[in-house]
Amino acid sequence: HPYYLDHMTRLGLEKEIEVCQKNIKQREELNRQLTQAEEEFLKWEKLNKSIGDSTGGKFRKIAQSYVLENLINSANYHLKSLTDRYKLRVKPGSFVIELEDAYNGFTLRPATTISGGESFLISLSLALALSDIGQGLSLDILFIDEGFGSLDEQALEQAMSVLYELSGDSRQIGIISHVGKLSESISQKI
């Protein structure tokens, strides 16, 4: 009979079926491992795109942006005690510091456009903010060299008031200036 298989042929076919079934199971296991590896790769690829590169530059920029944000928040705290007009902001996605001007409809402008008096107030608030950040590092001394001459009478009094308050907070503040009113109001001089 043509469909009749002899015993040897039948045993050979059964062995081939057994090998095929074993190969199918191995393939299913390999496919499972491949899917798992692809999922793991996608997680690491997403992390790499977010913060990783071969030089660590992306991660460094992220860390620096957090430090800058803290610095600007602290500077704004000090700036508010000097004037209610200005507030510092960081341009989103950059390290560019902008100035928000309350007297001009809260418009934003680059910090590079500030005048002499504004520059002194902004610089002073940033210096005080740096001093705040460095308090854990024992940065208790702050030197201010000039800039007072660019302030009007009211701004000068406000700046002096803030500096007197800070000197009461166990900080030593050194001022280098030729402004007469400033010299008269400070008792300790070199």
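Owing to the predicted nature of the structure, the values given are computational and were not obtained by experimental measurement. Residue indices begin at 1 and follow the sequence shown.
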task: Mark yes when over 12 heavy atoms from residues, nucleotides or ligands other than Arg32 sit less than 6.0 Å from its CZ; otherwise mark no.
output: yes
Whether Ser74 side chain and Leu71 backbone form a donor-acceptor pair below 3.5 Å: no
field: Side-chain donor/acceptor of Asp101 to backbone N/O of Thr107, under 3.5 Å
entry: no
- request: Using a cut-off of 6.0 Å, state whether more than 12 heavy atoms not belonging to Tyr66 lie near its atom OH.
  value: no
- request: For residues Val19 and Lys22, determine if any side-chain heavy atom of one lies less than 4.5 Å from a side-chain heavy atom of the other.
  value: no
field: Side-chain donor-acceptor contact under 3.5 Å, Gln36 with Glu40
entry: no
task: In sequence, state the C-alpha distance, the side-chain angles, and the governing distance for Glu45 and Asn48, and then conclude on side-chain contact (heavy atoms from CB on, under 4.5 Å).
output: CA-CA 5 Å; Glu45 183 181 40; Asn48 185 48; 5.5 Å; no
statement: Shortest non-hydrogen pair, Thr113 vs Pro110, comes out as OG1-O, 2.7 Å
task: I would like to know whether Lys80 and Tyr86 meet side-chain contact (heavy atoms from CB on, under 4.5 Å); could you show each step before the answer?
output: CA-CA 8 Å; Lys80 189 174 183 178; Tyr86 304 112; over 6 Å; no
message: Using every non-hydrogen atom in the two residues, find where Phe95 and Lys61 come nearest and quote the distance to one decimal.
response: CZ-O, 3.4 Å
- request: Show the numbers, then the answer: is there a side-chain contact (heavy atoms from CB on, under 4.5 Å) between Glu18 and Glu14?
  value: CA-CA 6 Å; Glu18 187 179 312; Glu14 286 176 356; over 6 Å; no
- prompt: Side chains of Leu128 and Leu79: closer than 4.5 Å at any heavy-atom pair?
  reply: no
Euclidean distance, Lys43 NZ relative to Glu38 CD, rounded to 0.5 Å: 13.5 Å
task: Without swapping roles, check the side chain of Thr35 against the backbone of Asn31 for a donor-acceptor pair under 3.5 Å.
output: yes
- request: Please answer: with hydrophobic residues joined when any side-chain heavy atoms are less than 4.5 Å apart, are Leu124 and Leu68 in the same cluster?
  value: yes
- request: Please report the C-alpha distance between Leu34 and Leu30 in whole Å, then the side-chain angles of each, then the deciding distance to 0.1 Å, and finally whether the side-chain contact (heavy atoms from CB on, under 4.5 Å) criterion is met.
  value: CA-CA 6 Å; Leu34 177 64; Leu30 289 173; over 6 Å; no
field: Exercise: identify the closest heavy-atom pair between Ile72 and Leu88
entry: CG2-O, 3.5 Å
field: Pair Glu98 + Arg89: basic N to acidic O under 4.0 Å
entry: no
- request: Could you tell me which non-hydrogen atom of Ala102 sits nearest to which non-hydrogen atom of Asp84, and how far apart they are?
  value: CB-O, 4.0 Å
Where His78 and Ala129 come nearest, the two heavy atoms and their spacing: CD2-N, 3.9 Å
- line: Correct closest heavy-atom pair for Arg85 and Tyr103 would be CD-CD2, 3.2 Å
